[in-house]
Protein chains: 2
Amino acid sequence: MKNAMEIAMEQDAPRQNLAISAYRTLKHDIIRGRYAPKEKLLMSRLKECYGVSTGPLREALSQLVADRLVVAISQRGYRVAPMSLAELNDIYDARAQLEGLILRLAIERGDDDWEASVLATAHRLAKVTDISSPDELLDGWDLRHKAFHTAIASGCNSPHLLQMRNTLFDQVERYRHLWLQETVMSPAALEQKRQEHAALVEVILARDAEKAAILMRDHLMTPVPIITRVLQDRGIS
Amino acid sequence: MKNAMEIAMEQDAPRQNLAISAYRTLKHDIIRGRYAPKEKLLMSRLKECYGVSTGPLREALSQLVADRLVVAISQRGYRVAPMSLAELNDIYDARAQLEGLILRLAIERGDDDWEASVLATAHRLAKVTDISSPDELLDGWDLRHKAFHTAIASGCNSPHLLQMRNTLFDQVERYRHLWLQETVMSPAALEQKRQEHAALVEVILARDAEKAAILMRDHLMTPVPIITRVLQDRGIS
DNA sequence: CTGTGCCAAATTGTTAAAATTTATTGATAA
DNA sequence: TTATCAATAAATTTTAACAATTTGGCACAG
């Protein structure tokens, strides 16, 4: 019988070492909510579940600690990092501020190729409703949505700022996943997002940094009330 | 005979697990230039040098990879991350931008306690010349300098933004160390810094976000030309 | 109800060795 | 001389078995 990791890896051609593979699948499972916040991560259970021994497993876990998705308690092993309304608010605020800064820089520094890639990814995102299947729509929309925002950010031309953006996104994604599950991409929400994206593209091409930063912050903060409700329903304060 | 890690740990009371200790001492040694950029980090050598076995050692190294101080090449072990003028410029630019953003937020959000801690740490930094010994002056100045800037940043009131600031500082510190070694804190440089700090405190207390962000960016960028020259002298482009 | 001491379970670390991969060397052929 | 290539050496990566330490729970006594 195949273990969880082998199944998850079947599509990835470049077979890296076991620690990195375990890190990726574990991260994926935590973000998607397979393990609850504060849940204990038993060494023995993970070993048989992912089919790796303690060495690579501890490597993966200590990297997840650096990502703040797992917390380590000395001599008491690892637990999934807790979730809280306080962290939700801080994480989304930090992301909105950072994304605003990056957008300002992108508008200041971005060249013609950047403008072209923003337009191209925006177009691809707007046309995503053509896909019929419901599950495929959500996956396809999320993929193109990420590509759109990444294209915008890449105009800032700073690998280190983009790296920090990625780090923060990993931390936000566990909360964001709650929002995706909740809205299930209703046509109304999808239409609202479509309009926000169109407005963003317009002010970006007009190089209006001030207006763009404000639009971006509002756009990123819209999921917060919904996620707040979901967390409260689950008894998380 | 004691190994490098035991010597470095003798002052630390809270004895954590070996992986974390090895991580800290290795990071310290890389930042201080004990290992050259691109130098190969032999497993066998590190094992006997730091007195730990492969398990904790690999944990420490994989965390340093996350910090971008070490690079891992699949099946070919670990190397100290390379240094370059391109990275120097990007890293200092990213830091100046992020610190500017955080300062704006701190001026917007900081309360009276924040103002008080900025004043207090600024005063302690200005009085550092009282210490006589040359080596103690450098260490003491650097410590109080960091405390001053951390006090300013903490006003933004966002744990996640401060965490990103720390991450970026770890990456910058290897370059910054070259600057500290080069200037050796000449009285002239020290006086210039003193004036910059005084100007910063003034505009911060006046809550002038625009002027403060510009002063902060200039203040952070001053070491770049000197570090550029040091790197070029070492044949690094 | 509250400590105390013991036992089981889990973490943490070491060692040795297997499995794989990369680097080197040296002989052979063009 | 130069290039190729197989054999060998070296290093990484992983596993497995074991020792040491620590934690948590639970019976039991006060």
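Lettering of chains follows the sequences in order, A, B, ..., and the numbering in each one begins at 1.
In this structure, the CD atom of B:E59 is 14 Å from the C1' atom of C:dT14, given to the nearest Å. Remark: P of C:dT11 and CD1 of B:I20 are 15 Å apart, rounded to the nearest angstrom. Taking atom NZ on A:K47 and atom C1' on C:dA9, their separation rounds to 13 Å, with Å as the unit. A straight line from CG of A:L57 to C1' of C:dT12 spans 13 Å, rounded to a whole angstrom. Taking atom CZ of B:R79 as the reference point, atom C1' of C:dT22 lies 12 Å away to the nearest angstrom. Between the CG atom of B:L18 and the C1' atom of C:dT14 there is a distance of 10 Å, given to the nearest Å. Straight-line distance from the CG atom of A:L42 to the C1' atom of C:dT11: 10 Å, rounded to whole Å. We find that CD of B:E48 is positioned 14 Å from P of C:dT14, with the value rounded to whole Å.
Applying the 6.0 Å contact sphere to CZ of A:R217 captures more than 12 heavy atoms from other residues, nucleotides or ligands.
Contacts of B:G55 with the nucleic acid, taken as non-hydrogen atoms under 4.0 Å apart, are absent.
For the residue pair B:A147 and B:T121, the shortest heavy atom distance occurs at O-CG2, 3.9 Å. Here the closest non-hydrogen pair linking A:D90 and B:S158 is OD1-OG, 2.7 Å. Scanning all heavy atoms of the two residues, the minimum distance from B:K47 to B:T54 falls at CD-CG2, 3.8 Å.
The pair A:R165-A:D170 does not meet the salt-bridge criterion, since no charged nitrogen lies less than 4.0 angstrom from a carboxylate oxygen. The residues B:R34 and B:E39 are annotated as not salt-bridged, no charged nitrogen and carboxylate oxygen being separated by less than 4.0 angstrom. Ion pairing between A:R109 and B:D93 holds under the 4.0 Å rule for side-chain N and carboxylate O.
Pairs passing the side chain to side chain donor-acceptor pair (under 3.5 Å) check and including a residue from residues 220-233 of chain B, sequence neighbours excluded, read B:K193-B:T222.
Nucleotides of DNA chain D lying under 4.0 Å from heavy atoms of chain B occupy a range whose first and last members, 5' to 3', are D:dA11 to D:dT14.
Checking the phosphate oxygens (OP1, OP2) of C:dT12, a side-chain nitrogen or oxygen of A:R58 falls inside 4.0 Å.
Rounded to 10 degrees, the angle separating the terminal axes of the helix from C:dC1-D:dG30 to C:dA30-D:dT1 is 10°, with each axis obtained from five end pairs.
The listed nucleotides are C:dT11, C:dG13, C:dT21; the one nearest the side chain of B:Q75 is C:dT21.
Distance alone, capped at 3.5 Å, places no donor-acceptor pair between the B:Y78 side chain and the B:S62 backbone.
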